[in-house]
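To start, the structure under review is shown below, and the notes come after it.
Chain letters run A, B, ... following the sequence lines, proteins first and then strands; every chain starts at 1. Everything numeric here is computed off the predicted structure, so don't read it as measured data.
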2 protein chains.
Amino acid sequence: MQTDEIIRMMSAQGLRITDQRKTLAKLFADTPGYQSPKDVYDYMGRSYAGLSFDTVYRNLRVLDELGVLEQVVFEDGVKFKLHCRGHDHHHHMICLQCGKTYPISYCPMDQTEVPDDFKVVKHKFEVFGYCKACSLEEESRA
Amino acid sequence: MQTDEIIRMMSAQGLRITDQRKTLAKLFADTPGYQSPKDVYDYMGRSYAGLSFDTVYRNLRVLDELGVLEQVVFEDGVKFKLHCRGHDHHHHMICLQCGKTYPISYCPMDQTEVPDDFKVVKHKFEVFGYCKACSLEEESRA
DNA sequence: GTGTATGCAAAACATTTGCAGGATG
DNA sequence: CATCCTGCAAATGTTTTGCATACAC
């Protein structure tokens with residue numbers, strides 16, 4: 001997704017387009033993987049000397065609520081990426097090194113036998129590992 | 001699993017059996033679902049007036065490292081339960097209300113097509129919802 | 001007795017909130 | 001020019017650490 005497309009979405013939702021939000025849009029347009037609040041803060045901090053952490057948190061939360069971003073909880077904390085829109089329901093393979101994600105179209109819920117008396121609300125299926133680039137890097141380090 | 005069986009495991013690993021750890025063992029022997037550190041603190045606090053939070057955290061961490069407990073990260077924080085031992089690889093249905101878990105023997109990795117260049121390390125498959133008891137309760141509240 | 005576990009206090013983080021000034025539409 | 005957004009500071013919540021005392025072995 002393009003930076004200005006994201007900005008248009010924010011604008012359409014009634015948000016004001018500040019320089020900070022433009023930078024935020026560019027970050028998520030340019031990076032395919034999950035970003036921690038700290039990653040975002042570091043990236044934005046390069047453009048804004050006086051950036052504060054609460055601005056980062058506030059915007060991440062707002063954009064998550066508006067459905068522009070999606071939030072996922074990992075072992076090492078909360079992370080964000082662009083919300084996958086316009087696609088069918090799917091899951092992800094996630095690189096433990098670079099955070100990049102790859103779609104898995106297969107959904108295990110079809111095959112899962114759920115007892116009648118259990119009311120399913122949601123499910124989570126995630127595969128973790130190392131993508132090609134990061135595997136090679138690790139090999140060369142070893 | 002029985003309380004004294006857990007205590008025996010702790011003892012076998014070289015841990016000293018304090019009253020706090022006995023209580024901890026009883027808690028996890030008696031409760032089938034996931035417990036947050038706060039749940040554990042509240043439960044143990046009933047027996048020990050001067051209980052401190054760091055004792056809870058320390059013991060949960062130690063028992064997780066020894067493989068007695070297992071730690072899972074949920075949206076609303078870290079939780080613990082007895083490690084499923086002696087069983088084959090499996091996944092869980094988890095009740096969002098009471099935290100009780102039910103095993104799912106089916107593993108989606110068999111059906112998942114993973115590209116050759118992605119090195120899989122681990123995976124997570126969890127189904128969330130409401131168990132029979134909690135569903136009924138919710139209905140009667142509505 | 002020796003060494004580990006505990007409780008206390010304080011530190012280290014992560015995240016949220018109140019408020020005044022500044023920028024956006 | 002009204003309102004939303006930001007930055008600062010401080011509050012809040014969670015988890016960790018250092019240290020002296022107490023307890024298990």
(request) State yes or no: do Met10(B) and Tyr43(B) share one hydrophobic cluster built from I, L, V, M, F, W and Y residues joined by side-chain heavy-atom distances below 4.5 Å, directly or via other members? (result) yes
(request) Please report, rounded to the nearest Å, how far the C1' atom of dT16(C) is from the CZ atom of Phe53(A). (result) 13 Å
(request) Give a yes or no on whether a donor-acceptor pair under 3.5 Å exists between the nucleobase atoms of dC8(C), that is its base, and the side chain of Asp54(B). (result) yes
(request) Indicate yes or no for a side-chain donor-acceptor contact from Arg21(B) to the backbone of Ile7(B) under 3.5 Å, with no hydrogens or angles considered. (result) no
(request) Using the rule that two of Ile, Leu, Val, Met, Phe, Trp, Tyr join whenever any of their side-chain heavy atoms come within less than 4.5 Å, decide whether Phe128(B) and Phe125(A) are in one cluster. (result) no
Could you write out each protein N or O paired with an N or O of nucleotides 21-25 of chain C at a distance under 3.5 Å?
{"unit_1": "dT24(C)", "atom_1": "O2", "unit_2": "Arg16(A)", "atom_2": "NH1", "d": "2.6"}
{"unit_1": "dG25(C)", "atom_1": "OP1", "unit_2": "Ile17(A)", "atom_2": "N", "d": "2.8"}

(request) Would you mind checking if Arg8(B) and Asp4(B) are paired as a salt bridge, meaning a charged N to carboxylate O distance below 4.0 Å? (result) yes
(request) Map Arg58(B) and Gln20(A) onto DNA chain D by nearest heavy atom, then report which one ends up closer to the 5' terminus. (result) Gln20(A)
(message) Applying a strict under-4.5 Å side-chain criterion to I, L, V, M, F, W and Y, I'd like to know whether Val127(B) and Val121(A) cluster together.
(response) no
(request) Let me know the distance between CZ of Arg61(A) and C1' of dC5(D), rounded to the nearest Å. (result) 14 Å
(message) Rounded to whole Å, how long is the line connecting atom CZ of Phe80(A) with atom P of dA14(C)?
(response) 14 Å
(request) Take atom CG of Asp39(A) and atom P of dT15(C), then tell me their distance rounded to the nearest Å. (result) 12 Å
(message) Output the rounded distance in Å from OH (Tyr57(A)) to P (dG13(D)).
(response) 16 Å
(message) If I take atom CZ in residue Arg21(B) and atom P in nucleotide dT4(C), what distance separates them, rounded to the nearest angstrom?
(response) 11 Å
(message) Between C1' on dT15(D) and CG on Asp64(B), what's the gap in Å once rounded to a whole number?
(response) 14 Å
(request) Quickly work out the Glu75(A) CD to dT15(D) P distance and round it to whole Å. (result) 14 Å
(message) Testing the basics here: between Pro37(B) and Val78(B), what is the closest heavy-atom pair and its distance to 0.1 Å?
(response) CD-O, 3.3 Å
(request) Would you indicate, yes or no, if dG7(C) has its OP1 or OP2 atom less than 4.0 angstrom from a side-chain nitrogen or oxygen of Ser52(B)? (result) yes
(message) Looking at Arg61(A) and Asp64(A), is any side-chain nitrogen of the basic one under 4.0 Å from a carboxylate oxygen of the acidic one?
(response) no
